[in-house]
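What you see below is based on every heavy atom in this structure, not just the backbone, and it leaves out hydrogens, waters and symmetry mates. Heads up: numbering here begins at 1 and tracks the sequence.
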Amino acid sequence: MDEKAERILNQIIGYLYWHGQMAYDRKIYLKVAVIAGKFFMKHNKIDKALEICDITLKMYKGSNKMDYIGELLYIKAQLLERKFIGSSEWEPGKKTDCLKLYLQAYHIFDFCEEKSEAESIRKHLREVYQWEDIG
C-alpha cells in the first residue's frame, strides 16, 4: 500500500510541477508537496522529502502566498535535524541551519495565528536548542 501511495504521490508531484503554470494548480502543488513531504518523512525517505521541500520553497521564493510555506519550512527543519543527527554531522553550523528554518516556520505560524504549530516549535526549540528567547 505504501509503495502504491509513493508511486501516486510521485506522479502527482511530477504532473503538477511540469503543468503548474495556472494559479489553481500552484495552490494544489503546495498542498500535495506538504502531504508528500510528511509521507516521505514518516517513511524515513529523508532525501526525497528534502528534495520536494527544496523544489517547492524555490518555486515560491519571494511569493506573497504563505499557504503551506510554514509547514514546508517546519518539515524541512525536522528532516535536516533528523539527517544531521543520524549521520553524526550534528555540529554548530548544522544546528544553526535547522534553528533558522524552525524560526522561519515559527514566525509564519505565529503571523498566521496558527497557535498550536507555533507552540509546538517553541517547545521544541526550548527543549532541544535551549532557545529561551522566543515568543
Identify the two heavy atoms, one from [X] and one from [Y], that lie closest to each other, and give their separation to 0.1 Å.
X	Y	result
E127	Q130	O-NE2, 3.0 Å
D2	F39	O-CZ, 3.5 Å
A105	G70	CB-O, 3.5 Å
A49	G37	CB-O, 3.7 Å
I46	L79	CG2-O, 3.8 Å
T56	A33	OG1-CB, 3.4 Å

Distance check, rounded to the nearest 0.5 Å: [X] atom [atom1] versus [Y] atom [atom2]?
X	Y	atom1	atom2	result
L103	L125	CG	CG	5.5 Å
L9	K48	CG	NZ	9.5 Å
K76	L50	NZ	CG	7.0 Å

State which residues pass side chain to side chain donor-acceptor pair (under 3.5 Å) with T96; sequence neighbours excluded, sorted by chain then number. none

Residues that S87 engages under side chain to side chain donor-acceptor pair (under 3.5 Å), provided they are two or more places apart: E89

Contact check, side chains of [X] and [Y], non-hydrogen atoms, under 4.5 Å:
X	Y	value
L30	V34	no
E117	I108	no
K94	L80	no

Residues in salt bridge (Lys or Arg N to Asp or Glu O under 4.0 Å) with [X], at least two apart?
X	result
E119	R122
E81	none
K45	E6

Go through the steps for K38 and E71 under the test side chain to side chain contact (heavy atoms under 4.5 Å, CB included), then give the verdict. CA-CA 10 Å; K38 288 179 179 179; E71 284 189 73; 3.0 Å; yes

Using 30° and 60° as the class boundaries, would you call the ring planes of Y129 and H124 parallel, tilted or perpendicular? perpendicular

For S120 and Y74, which I'm curious about, is there any donor-acceptor pair between the side chains at under 3.5 Å? yes

R82 side chain to M41 main-chain N or O, any donor-acceptor pair under 3.5 Å? yes

Going through the distances and angles, do E91 and F84 end up as a side chain to side chain contact (heavy atoms under 4.5 Å, CB included)? CA-CA 8 Å; E91 56 191 43; F84 294 146; over 6 Å; no

Is there any salt bridge (charged side-chain N to carboxylate O under 4.0 Å, His left out) pair reaching into residues 96-114, and which pairs are they, with sequence neighbours excluded? D110-K115

